[in-house]
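Remember, it's a predicted structure, so these values are computed and weren't measured experimentally. Numbering of ligands and ligand atoms starts at 1, following listing order.
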Amino acid sequence: MDSATTLPFTLSPSTSPVPPQRRAEILANPGFGRVFTDNMVVIRYEEGRGWHDARVQPYAPLSLNPAAAVLHYAQEIFEGMKAYRTAEGHITLFRPHANAARFRKSAERLAMAQVPEDLFVEAVRQLVRVDAAWVPGNPDESLYIRPYMIANETFLGVKPAAQYLFMVIASPVGAYFGEEAVSVWVSDFCRAAPGGTGEAKCGGNYAASLMAQQEAKGHGCAQVLFLDAVERRWIEEMGGMNVFFVFDDGSIATPPLTGTILRGITR
Ligand SMILES: *Cc1c(COP(=O)(O)O)cnc(C)c1O
């Protein structure tokens, strides 16, 4: 795959952005992932034509054919990354090319079209530039960026789709867990088995983890911890993040990447 290509972007951002005063109120207490910025990026793919029609456009609901492949066979992948405002007021991204590379791997695993890494990073930059006012300035806060891709071909046959939408949306966020320590529930459910999709950042992995997450909540825990699917005795992965152990002697341990764990970028 060519990763040195990008596309011209058509810039038609929102003409009715959230007023500055309302935005300031939102940024004062952003929560997590409920409020979105004024704009989004949408890029289309079609087999034979490749990526085309890159746009920065107003954040708005999508129109999807009810037979769109993603709604039936779950060809969907995503990334999670953040833009931060520095003490000097500059906006920075944390290793966006690493997210682009992981996105490509996820696409490969789900037999989806691959977004060239430069195009991925450019799409993220375009959105952060146009919605720069949404990047919070307080420590612990950031603009959470969600690049994702769905199969939007209208077809109910089971095969890799020939049409995709790559999109980027963003949401100002505070700290995910807050100040308190988090308790975790060790689940009997499995998240990922060898040869499965555990290393891909796909929505399906999360759908499969929600019952375990629900069970954790029922036991008063905030997060679920998954063991390996073969022996059920090795600690592998949290519901939505990698796990690390910090020992009294200052050493740190984290499970090896064997294909069932998401290759964390923080890691
Ligand atoms: C995204 C994700 C990670 C890695 O997160 P980073 O932000 O890249 O460190 C780990 N585990 C799961 C289940 C994830 O979805």
query: Do you see a donor-acceptor pair shorter than 3.5 Å between the side chains of Glu215 and Trp185?
result: yes

- line: Looking only at protein heavy atoms, what sits closest to atom 11 (N) of ligand 1 is Glu237 OE2, 2.7 Å

task: Might you work through the ring pair (Phe, Tyr, Trp, His ring centres under 6.0 Å) test for Phe103 and Phe166, ending with a clear yes or no?
output: CA-CA 11 Å; Phe103 197 70; Phe166 171 63; 5.4 Å; yes

- request: Assess Glu79 for proximity to ligand 1: is some non-hydrogen atom of it under 4.0 Å away?
  value: no

field: Pair Arg109 + Glu199, salt bridge at N-O below 4.0 Å
entry: no

statement: Result for salt bridge (charged side-chain N to carboxylate O under 4.0 Å, His left out) between Arg102 and one of Glu79, Glu117, Glu108 points to Glu79

field: Lys201: numbered ligand 1 atoms lying under 4.0 Å from its heavy atoms
entry: 1 (C), 2 (C), 3 (C), 14 (C), 15 (O)

- request: Using distance alone, decide if ligand 1 has a nitrogen or oxygen within less than 3.5 Å of any nitrogen or oxygen in Ile265.
  value: yes

- line: The atoms of ligand 1 lying under 4.0 Å from a heavy atom of Tyr206, numbered in the order shown, are 12 (C), 13 (C), 14 (C), 15 (O)

task: Quick one: look up the protein heavy atom nearest atom 9 (O) of ligand 1 and list residue, atom name and how far away it is.
output: Thr266 OG1, 2.7 Å

query: Any N or O of Arg267 that comes nearer than 3.5 Å to an N or O of ligand 1?
result: no

query: How does Lys82 reach ligand 1, if at all, at less than 4.0 Å between non-hydrogen atoms: by side chain, backbone, both, or neither?
result: neither

Shortest protein heavy-atom distance from atom 4 (C) of ligand 1, along with the residue and atom involved: Gly264 CA, 3.5 Å

- prompt: Is the shortest distance from a heavy atom of Gly239 to ligand 1 less than 4.0 Å?
  reply: yes

statement: All heavy atoms of Leu110 vs all of Ala74, minimum pair found to be CD2-O, 3.9 Å

field: Contact check, side chains of Pro116 and Trp51, non-hydrogen atoms, under 4.5 Å
entry: yes

- request: Scan side-chain atoms only and decide if Ser14 and Asp38 contain a donor-acceptor pair under the 3.5 Å cut-off.
  value: no

query: Can a non-hydrogen atom of Arg191 be found less than 4.0 Å from any atom of ligand 1?
result: yes

field: Tyr206 and Gln213: side chain donor to acceptor below 3.5 Å
entry: no

